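Shown next, in structure tokens, is the structure this report addresses.
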Amino acid sequence: MAKVIDEGIDLGNMNAVWKYGMILLVFAMFQLITGVLSAHIAARTSVGFCANLRQDMYDNVQTFAFSNIDKFSTASIVTRLTTDVTNIQNAYQMLIRMAIRGPVMLLFSMIVSFKINSTIAWIFLAVIPIMAFLLYLIIRKVNPIFNHVFQTYDELNNVVQENVRGIRVVKSFNREDYEISKFKSISERIYRYFSKGEKLIAFNSPISCLCSEQIIPFSAV
């Protein structure tokens, strides 16, 4: 991009614009192909891993002693086998796609930044700890909220299990409205927890934009 502007657009050299433009196009196509392959491989890997994990967890449940059965409720086991495994699957998929690409992109972007303008590069390095600290604060606030969400999932599954198992009793004693209100109350709690957590996570984007905006005036100076 720098060569397109410096050697092409600024000098009015269309040959340089076409030359570096085609190089950019080739790299963009290469990035598209590798991005599709990355998503495909990460999806298959994470789904396969969690399929094995879910099977192993189910097999382990079959070996529980009576003390284990008394300790873990059915609702809790259902949550572990469904919601928790799905969360692990999503995290594992993101880990495969970002844990390798992120550090590589950071390393090469810093190398290129120092090569183009060392002053701007040092500003980038100064901003990174600030962003890391702010993101750490967000994670510290969000983590307890999502812990409450996962505990509430156990209650939700327990209510569903009770209703499905005792549906005839509920209908016989005309308790539908009570059961509906109980389910709605737990759903509302999950909604409030998730809304609060997502609102805090949404600060990631403003923090990144704020740090980026602060770099521009310094780089201009």
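FYI, the numbering just counts along the sequence from 1. Predicted model, so just to flag it, every value in this text is computed and none were measured.
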Gap between atom OG1 of Thr79 and atom OH of Tyr153 - 0.5 Å precision: 9.0 Å
Could you see if Phe64 belongs to whatever hydrophobic cluster contains Leu81? Use Ile, Leu, Val, Met, Phe, Trp, Tyr and a side-chain cutoff under 4.5 Å. yes
Of all heavy-atom pairs linking Lys182 and Glu162, the shortest is NZ-OE1, 3.6 Å
ILVMFWY network linking Phe72 to Ile88, side-chain heavy atoms under 4.5 angstrom: yes
Asn147-Gln151 side chain donor-acceptor pair, cut-off 3.5 Å: no
Drop me the distance from Asp154's CG to Ile77's CD1, to the nearest 0.5 angstrom. 10.0 Å
Please report the C-alpha distance between His148 and Lys196 in whole Å, then the side-chain angles of each, then the deciding distance to 0.1 Å, and finally whether the side chain to side chain contact (heavy atoms under 4.5 Å, CB included) criterion is met. CA-CA 11 Å; His148 285 299; Lys196 185 177 180 180; over 6 Å; no
In plain terms, say whether Arg54 and Asp84 are close enough for a salt bridge, that is, a side-chain N and a carboxylate O under 4.0 Å apart. no
Donor-acceptor check, side chain of Ser185 to backbone of Ser181, threshold 3.5 angstrom: yes or no? no
Of the options Val160, Asn157, Asn158, Thr152, which is the one that meets Ile186 in a side-chain contact (heavy atoms from CB on, under 4.5 Å)? Thr152
Show me the side-chain donor-acceptor pairs of residues 33-50 shorter than 3.5 Å, one per line, residues at least two apart or across chains.
from: Thr34; atom 1: OG1; to: Phe30; atom 2: O; distance (Å): 3.0
from: Thr34; atom 1: OG1; to: Gln31; atom 2: O; distance (Å): 3.0
from: Thr45; atom 1: OG1; to: Ile41; atom 2: O; distance (Å): 2.7
from: Ser46; atom 1: OG; to: Ala42; atom 2: O; distance (Å): 2.9
from: Ser46; atom 1: OG; to: Ala43; atom 2: O; distance (Å): 3.0

Atom of Met57, atom of Val85 and distance for their closest heavy-atom approach: SD-CG2, 3.8 Å
Enclosure of Met110 CE (heavy-atom neighbours >12, cutoff 6.0 Å): yes
When hydrophobic residues are tied together by side-chain contacts of less than 4.5 Å, even through go-betweens, does Val17 share a cluster with Leu24? yes
Can you tell me how far OH of Tyr92 sits from CG of Leu53, rounded to the nearest 0.5 angstrom? 11.0 Å
Are Val78 and Ile190 connected into the same hydrophobic cluster when the rule is that any two of I, L, V, M, F, W, Y join if their side-chain heavy atoms are below 4.5 Å apart? no
Between Arg189 and Glu155 (salt bridge meaning N to carboxylate O under 4.0 Å), is one present in this structure? yes
What's the verdict on side chain to side chain contact (heavy atoms under 4.5 Å, CB included) for Ile145 and Phe194, showing C-alpha distance, side-chain angles and the deciding distance? CA-CA 8 Å; Ile145 295 174; Phe194 258 119; over 6 Å; no
Does Tyr20 OH have over 12 foreign heavy atoms under 6.0 Å away? yes
How many angstroms lie between CG in Asn163 and CD in Glu176, if you round to the nearest 0.5 Å? 10.0 Å
Nearest heavy-atom pair of Thr63 and Asn60: which atoms, and what distance? OG1-O, 2.6 Å
Would you be so kind as to tabulate the donor-acceptor pairs closer than 3.5 Å made by side chains of residues 125-143, with sequence neighbours excluded?
none

Beyond-backbone contact of Arg80 with Tyr58, side-chain heavy atoms, under 4.5 angstrom: no
Applying a strict under-4.5 Å side-chain criterion to I, L, V, M, F, W and Y, I'd like to know whether Val4 and Phe27 cluster together. yes
